[in-house]
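Have a look at the structure below before the remarks.
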Amino acid sequence: MEQLGKILIVDDNEDVLFALNLLLEPYAEKIKVAVTPDRIEHFMTTFQPDIILLDMNFSRDAISGQEGFESLEQILRIDSQAVVIFMTAYADTDKAVRAIKAGATDFIPKPWEKEKLLATLSSGMKLRRSRCEINLLKEQVEVLSSAGSATEEAIIGESAAMQNVFSTVDKLRDTDANILILGENGTGKDVIARLLYRSSPRYGRPFVTIDLGSIPEQLFESELFGYEKGAFTDARKSKAGRMEVATGGTLFLDEIGNLSLPMQAKLLTAIEKRQISRLGSTQAVPIDVRLICATNADIRRLVEEGNFRQDLLYRINTIELHIPPLRERGNDILLLADYFLQRYARKYQKEMKGLTREAKAKLLKYPWPGNVRELQHTMERAVILGDGSLLRPDNFMFQASAPRPKKEEEVLNLEQLERQAVEKAMRLSEGNMTRAAEYLGITRFALYRKIEKLGL
């Protein structure tokens with residue numbers, strides 16, 4: 001017989017509790033007992049039973065079953081998916097029908113027949129598992145729906161560097177290997193991750209993304225592993241984590257280089273054991289995910305400095321994929337510029353057909369520190385502000401790099417140095433306050449104060 005999971009037995013007769021505990025112990029994962037219904041809420045939040053065996057009559061009277069119905073109502077308020085099986089020595093058809101209508105799963109008369117009791121509990125456990133699977137499927141459907149409605153970015157590139165990327169992706173078409181995507185900010189690592197997903201055997205199953213650079217460390221576990229109702233103050237209902245929702249599909253961990261060492265250890269454990277436990281629960285949940293990770297950091301330098309676990313790196317980089325910066329992609333700059341021009345000309349209803357020769361030369365000469373993302377925003381701005389059918393060089397205003405001061409002219413003013421450091425950190429992090437604070441070696445709140453003080 002399959003395991004019955006965790007069972008809570010509520011009955012005011014200690015002989016009944018002892019007998020049921022003795023009978024069910026070989027079949028149940030764990031058993032808890034309570035002699036009064038006022039302990040139900042405590043066990044619902046701390047023990048989280050799969051099945052509740054509930055007596056219908058307690059101290060108020062012997063036969064009406066009203067206390068049982070009140071307890072059932074309380075249980076379903078706490079967990080609408082709870083499996084509750086009533087027990088009573090005063091069974092009749094009307095009471096059984098009323099119990100089922102009120103939300104009970106089944107009805108067992110006292111004294112019970114062992115085989116019938118075990119069969120009823122087995123059916124209840126199957127129902128519990130089915131309800132949990134349905135809830136998970138609903139969350140996966142939501143993920144798939146949102147992924148399907150998301151606009152897929154075109155992947156444009158004729159350069160040798162990008163052809164190498166496409167060739168590697170094609171070789172990975174029929175594999176389930178974990179991939180680590182490396183590249184500067186704005187190179188399109190997330191776009192390549194989606195291409196890997198679309199060309200994998202797991203296409204059509206969940207593709208779940210999580211930006212580790214934007215999630216505070218204290219929320220990492222609840223986001224990745226999920227939580228049970230009551231696990232913390234705002235946990236008003238149970239929620240599956242991203243790894244659980246991604247089961248059967250692909251999990252994309254962006255900016256994995258930002259993960260702290262304690263969180264790296266927890267992620268590594270989940271990957272190695274292929275299971276997780278929600279916050280507030282000790283029950284292991286099996287997971288089956290393909291990992292695609294990405295970072296703009298020099299991850300091997302982080303390993304050498306002791307800021308990234310080498311064993312975790314081995315787990316996530318079965319295959320490494322390097323995305324070249326835009327400045328190394330030659331004529332791809334013009335192909336992408338034309339693509340974005342056509343897109344934003346349609347969006348803003350502009351009659352624009354292309355760029356002048358001088359404008360093309362200007363785009364090719366610029367180093368594009370923000371890569372494809374910077375080019376995209378540059379083209380959108382140019383289309384919005386531009387006139388005529390062609391974009392000219394003066395439609396593109398690039399911020400010139402400030403020359404390094406000579407030694408005798410070095411800036412020594414503390415406020416000016418601080419301003420330069422904050423501005424550079426904001427540029428490197430593309431406005432992400434958490435990452436900017438990390439670059440500066442200060443807290444995010446200290447960064448807010450400095451921005452206010454410097455009037456940035």
Side-chain angles (χ1 to χ4, degrees), residues 1-2 4-13 16-17 19-21 23-24 27-29 31-139 141 228-230 236-240:
M1 181 177 171
E2 63 179 341
L4 294 176
K6 294 186 288 186
I7 300 175
L8 172 63
I9 309 170
V10 187
D11 197 298
D12 58 354
N13 188 323
V16 169
L17 295 178
L20 284 171
N21 197 9
L23 171 63
L24 300 178
Y27 308 102
E29 177 187 342
I31 298 173
K32 295 285 185 181
V33 298
V35 294
T36 59
D38 57 9
R39 297 281 290 163
I40 288 176
E41 184 172 356
H42 166 74
F43 283 118
M44 288 285 290
T45 54
T46 59
F47 181 56
Q48 298 167 355
D50 295 303
I51 301 173
I52 301 172
L53 276 173
L54 177 63
D55 190 21
M56 295 192 73
N57 304 293
F58 292 89
S59 58
R60 195 180 304 167
D61 58 58
I63 61 173
S64 74
Q66 186 57 36
E67 285 179 294
F69 286 111
E70 290 172 0
S71 297
L72 174 63
E73 185 179 346
Q74 177 193 17
I75 290 167
L76 295 179
R77 277 200 307 269
I78 297 170
D79 179 5
S80 61
Q81 305 295 312
V83 172
V84 181
I85 299 174
F86 270 138
M87 303 183 295
T88 182
Y90 302 94
D92 59 61
T93 303
D94 291 341
K95 197 177 291 182
V97 170
R98 183 185 169 196
I100 301 302
K101 285 184 176 180
T105 302
D106 213 328
F107 196 99
I108 293 175
K110 295 178 183 176
W112 55 81
E113 298 175 16
K114 176 184 175 181
E115 297 304 323
K116 185 175 181 181
L117 171 63
L118 291 175
T120 301
L121 291 173
S122 179
S123 297
M125 191 62 207
K126 289 176 182 176
L127 177 61
R128 177 67 173 178
R129 290 196 181 105
S130 296
R131 286 175 176 176
C132 292
E133 288 172 3
I134 288 170
N135 287 337
L136 180 59
L137 285 171
K138 284 180 180 177
E139 295 194 43
V141 166
E228 295 293 345
K229 182 176 180 180
R236 296 184 177 87
K237 64 177 183 178
S238 298
K239 185 177 185 298

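- Other residues, nucleotides and ligands contribute over 12 non-hydrogen atoms within 6.0 Å of the CD atom of Glu29.
- Residues Asp55 and Val16 are not in side-chain contact: their nearest non-hydrogen atoms beyond the backbone lie 4.5 Å or more apart.
- Atom CG of Leu20 sits about 8.5 Å away from atom CD1 of Ile31, to the nearest 0.5 Å.
- Between Arg39 and Ala34, the closest heavy-atom pair is CB-CB, 4.0 Å.
- Checking side-chain atoms of Ser123 against main-chain N and O of Ala119 turns up a donor-acceptor pair under 3.5 Å.
- Taking Gln48 as the reference, Lys6, Glu228, Ser281 meet the side-chain contact (heavy atoms from CB on, under 4.5 Å) condition, with sequence neighbours excluded.
- Between the CE atom of Met87 and the CG atom of Leu117 there is a distance of 8.5 Å, given to the nearest 0.5 Å.
- Residue Ser122 holds its OG atom at 11.5 Å from CD of Glu115, rounded to the nearest 0.5 Å.
- Looking at heavy atoms from C-beta onward, Leu24 lies in side-chain contact with Leu118 at the 4.5 angstrom threshold.
- Ionic pairing of Asp79 and Arg128 is present here: one or more N-O contacts between side-chain nitrogen and carboxylate oxygen are shorter than 4.0 angstrom.
- Rounding to the nearest 0.5 angstrom, the gap separating the CG atom in Leu54 from the CG atom in Asp11 is 8.5 Å.
- Of all non-hydrogen atoms in Ala82 and Thr105, the two that sit nearest each other are O-OG1, 4.4 Å.
- Residues Phe69 and Met56 have side chains in contact (heavy-atom distance under 4.5 Å, counting atoms from C-beta outward).
- Of the inter-residue distances, the one linking Ile108 atom CD1 with Leu121 atom CG reads 5.5 Å to the nearest 0.5 angstrom.
- At a threshold of 4.5 Å between non-hydrogen side-chain atoms, the residues Phe43 and Val10 do not count as touching.
- Within the model, atoms CG of Leu53 and CZ of Phe86 stand 11.5 Å from one another, a figure rounded to the nearest 0.5 Å.
- Taking the side chain as every heavy atom from C-beta outward, Thr46 and Lys32 never approach each other to under 4.5 Å.
- Residues Ala28 and Ile7 share a closest heavy-atom pair of CB-CD1, 3.9 Å.
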